[in-house]
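Numbered from 1 within each chain, the chains take letters A, B, ... in sequence-line order. Atoms considered below: every heavy atom in the structure, side chains included; atoms not considered: hydrogens, waters and symmetry mates.
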There are 2 protein chains.
Amino acid sequence: MSRPTIKTIAQETGLSIATVSKALNDSPQVRPETRALVVAAAERVGYQLNMHGVQLRTGKTYQVAAIMTAPGPKQNEWEGVEYAQLLSGISWALEDSPYRVSLYAVRSFEESITTIRQIVSLKKADGIIVSGTHADDPRVRLMQEADFPFVTYGTTIHNAPHAYVDADNEQMIRLSVARLAERGHSRIALINPMADLSYSLTRLEAYRQALDIAGLSFNPALTAHGHLTPAFGRENVLLMSGLSNPPTAYICANEASALGAFSGFHARGLVHGRDAVINATDDLNVSQYFAPPITTYFLPIHEPSEMLGRYILRRMEGETPQALQTLIMPKLIERSDDRLAK
Amino acid sequence: MSRPTIKTIAQETGLSIATVSKALNDSPQVRPETRALVVAAAERVGYQLNMHGVQLRTGKTYQVAAIMTAPGPKQNEWEGVEYAQLLSGISWALEDSPYRVSLYAVRSFEESITTIRQIVSLKKADGIIVSGTHADDPRVRLMQEADFPFVTYGTTIHNAPHAYVDADNEQMIRLSVARLAERGHSRIALINPMADLSYSLTRLEAYRQALDIAGLSFNPALTAHGHLTPAFGRENVLLMSGLSNPPTAYICANEASALGAFSGFHARGLVHGRDAVINATDDLNVSQYFAPPITTYFLPIHEPSEMLGRYILRRMEGETPQALQTLIMPKLIERSDDRLAK
DNA sequence: CAGCACAATAAAAACGTTTAACTTCAATGT
DNA sequence: ACATTGAAGTTAAACGTTTTTATTGTGCTG
């Protein structure tokens, strides 16, 4: 009364287990009529492939490891919340495949290196999805050397070509700065992620170039790098608004820091649209509920997420990394006027 | 040059693979000296247990399935973001065990049923963690009938006893209402989760009782049930503030709906503290960044999360469900005065 | 019609582990 | 002294697959 195996089907059909296995795997070595017989029998007895047998025999794990660098349990901050949607997007993309998402929550970049090293060397998964890429990312090198399939959420700068998905940060920042400059702003602050992250560099570089094009000067005091929490956004508004020449516009890297920036406005008595404006990049479309709603570049996170899932599948099937590289341009959503008040 | 197995150790030590296996599993059938020999050899050759072999032989999967009901990809709403922290908490609790978290993202309650049915019948995991419990939850019944280890995040009302972790919603709402009543409020709105969720019922019941105790009457127009998105919070403030007798206090079930409520205030020109106040339950401690910061009951989500992980481990080891039930009381954080303005 | 090629299936081995059943041998009791 | 016990190992089977190699039977060629 136990679960049927290929042995059950073999007895049922009078064939050998070898033939049954081949039939179920669409091997050209079995006659179509035989295959039909096997499939019918499988159906009849309610056969379901036992993965453990396959895994032992083939060495494949049918697991995709998702490395999630989450803030430590001590910090209670709104950080990394987009992982929920990221993970479900990946999970959905794998839904019709035999692969499952296996979660590896790590606390730091260093821990993510050792975790990945372990997954690779002990083959605990067939593919890896990793985010928070650095400009020169040792994990990428690690996986490339081992010829291990992976996709990154985020680009790298100094690594050899690999599969990735990312927002088009460069274009987004260029347009963002240009738009604010057009509207009369000359002191534009950039609230940026941690400096060691690749996209932080990309954004900073694009920011400098865009300022240059707009004929504005670069002022290091108007840039900040750190964990994209509300605390960070708030902190920097408090700091920068106290400068002798405070910014009239803030470009925040996500909605958490934008919310914090609002909190800073409130603390300083600043009014959005009068004293300064906030723009942001938005994953969850939550900025529309800010008071007032702000202008954002919006990239619904399920898009890159599902792409990550589809890409890792294709990568595991041997497709070349160069064919699996996409930058997605977030959509501008103008909710506030954003002209410099006189 | 391939990965060492117990066979390697057997050759290395001159023992049989059976003895090696028993030694590594601390069987009383092997002499301590022999065990030491085996362990030394294992160390020397860099032996790592191959799970596939174990899984095939024992039928154990060493997977804990985390069922995550996430909003569909079409809705871009701030919903379910707390799953990120929930998952990492679980993952950390399993860190020193051989178990991994396997993610099952589903789109609806119905899908979660079929997913769980599959996991149980095909034994795709050794334990399940599920959230969003209903008052009478068919999934709980399903798992209980199959005698399958599980822990829920959230209680049930009509099901047989099972392992769970949850916030103490009842006490929280009672205190919350009492506190607002003390401060002069008589029209207190309850922004509640979907009515079929168990904790929605718990909250509603506690709300009614607390009103009764405070000598206030229950008005159905001041309660709302729905998905806890910012949109939902906003919507209800717009609606309720238009009543002839609008509420002077809103109790929101999470920070997303609270943010939306603020958005509703903004749209209606309401001022927090003057026209009405907002209280909320907070997972991420993000309410401190609202403008103005609001009073919340705060439960750092890593606490229940890690408990879920520890509980499922104990449950899989056969501990009785009754020993694995915990309600955690969130901490009151008073950030606003909240007295009724005259 | 012998010989051969080929298509279709079967047999058997292998992946790495656990465990039931069996063997060995020294210590024990009478 | 000798059967009995028990401790400590070994042997062998088993979990469910895939895959290499072997076998069978058929139709074709010369």
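The nearest whole Å value for the distance from the NE2 atom in B:His52 to the C1' atom in C:dT17 is 12 Å. The OH-P distance, from A:Tyr62 to D:dT18, rounds to 8 Å in whole Å. Taking atom CZ on B:Arg57 and atom P on D:dT17, their separation rounds to 16 Å, with Å as the unit. We find that CG of A:Leu24 is positioned 12 Å from C1' of D:dT18, with the value rounded to whole Å. Rounded to whole Å, atom C1' of C:dG16 lies 12 Å from atom CE of B:Met51. The distance between atom CD1 of A:Ile9 and atom P of C:dT9, rounded to the nearest whole Å, is 15 Å. Atom OH in A:Tyr47 sits roughly 7 Å away from atom C1' in D:dG16 (whole-Å rounding). Following rounding to the nearest Å, B:Lys60 (NZ) and D:dA14 (P) show an atom-to-atom distance of 24 Å.
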Does the side-chain contact (heavy atoms from CB on, under 4.5 Å) test come out yes or no for B:Val64 and B:Asp126, once each step is laid out? CA-CA 6 Å; B:Val64 170; B:Asp126 299 330; over 6 Å; no
Check step by step if side-chain contact (heavy atoms from CB on, under 4.5 Å) holds for B:His162 and B:Thr152. CA-CA 8 Å; B:His162 57 88; B:Thr152 60; 3.1 Å; yes
Determine whether B:Tyr104 and A:Val101 satisfy the following criterion, side-chain contact (heavy atoms from CB on, under 4.5 Å), listing intermediate values before the conclusion. CA-CA 8 Å; B:Tyr104 289 81; A:Val101 176; over 6 Å; no
If you apply the rule side-chain contact (heavy atoms from CB on, under 4.5 Å), what do you find for B:Arg44 with B:Glu12, and how did you get there? CA-CA 10 Å; B:Arg44 192 165 55 245; B:Glu12 192 81 0; 3.2 Å; yes
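Dashed line: the shortest gap from a side-chain N or O of B:Ser21 to OP1 or OP2 of C:dT17 is not under 4.0 Å. Residue A:Asn25 has a polar side-chain atom (N or O) positioned under 4.0 Å from OP1 or OP2 of D:dT18.
The residues B:Glu319 and B:Arg315 are annotated as not salt-bridged, no charged nitrogen and carboxylate oxygen being separated by less than 4.0 angstrom.
Note on the helix from C:dC1-D:dG30 to C:dT30-D:dA1: terminal axis deviation equals 60°, with five pairs used at each end and the result rounded to 10°.
Position along DNA chain D of the nearest nucleotide to B:Thr58 versus A:Thr58 favours B:Thr58 as the more 5'-ward residue.
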Between protein and nucleotides 10-12 of chain C, what N or O pairs are separated by less than 3.5 Å?
from: C:dA10; atom 1: OP2; to: A:Ser16; atom 2: N; distance (Å): 2.7
from: C:dA10; atom 1: OP2; to: A:Ser16; atom 2: OG; distance (Å): 3.2
from: C:dA10; atom 1: OP2; to: A:Thr19; atom 2: OG1; distance (Å): 2.9
from: C:dA10; atom 1: N6; to: A:Lys22; atom 2: NZ; distance (Å): 2.9

Could you list all N or O pairs between the protein and nucleotides 23-27 of chain D that sit under 3.5 Å apart?
none

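Here the side chain of B:Ser91 pairs no donor or acceptor atom with the backbone of B:Leu87 at under 3.5 angstrom.
Sorted by first and then second residue, the ring pair (Phe, Tyr, Trp, His ring centres under 6.0 Å) pairs with a member in residues 109-135 of chain A read A:Phe109-A:His134; sequence neighbours excluded. Within the structure, ring pair (Phe, Tyr, Trp, His ring centres under 6.0 Å) contacts touching residues 112-133 of chain A (residues at least two apart or in different chains) do not occur.
Residues passing the side-chain contact (heavy atoms from CB on, under 4.5 Å) test with B:Glu43: none are found, sequence neighbours excluded. Under the rule for a side-chain contact (heavy atoms from CB on, under 4.5 Å), the partners of A:Pro98 that lie at least two apart in sequence or sit in another chain are A:Met51, A:Tyr62. Annotation: side-chain contact (heavy atoms from CB on, under 4.5 Å) contacts of A:Ala160 (sequence neighbours excluded): A:Gln144. Under the side-chain contact (heavy atoms from CB on, under 4.5 Å) criterion, B:Asp136 pairs with B:Arg141, B:His158, B:Asn159, not counting sequence neighbours. B:Arg35 pairs by the salt bridge (charged side-chain N to carboxylate O under 4.0 Å, His left out) definition with B:Asp26, not counting sequence neighbours. Legend: residues meeting salt bridge (charged side-chain N to carboxylate O under 4.0 Å, His left out) with A:Glu33, ordered by chain and number and at least two apart, are A:Arg31.
Across D:dT17, C:dT9, C:dG16, the shortest atom-to-atom separation from the side chain of B:Leu56 is found for C:dG16.
Listed in residue order, the members of residues 31-46 of chain A having a heavy atom less than 4.0 Å from DNA chain C are A:Arg31, A:Thr34.
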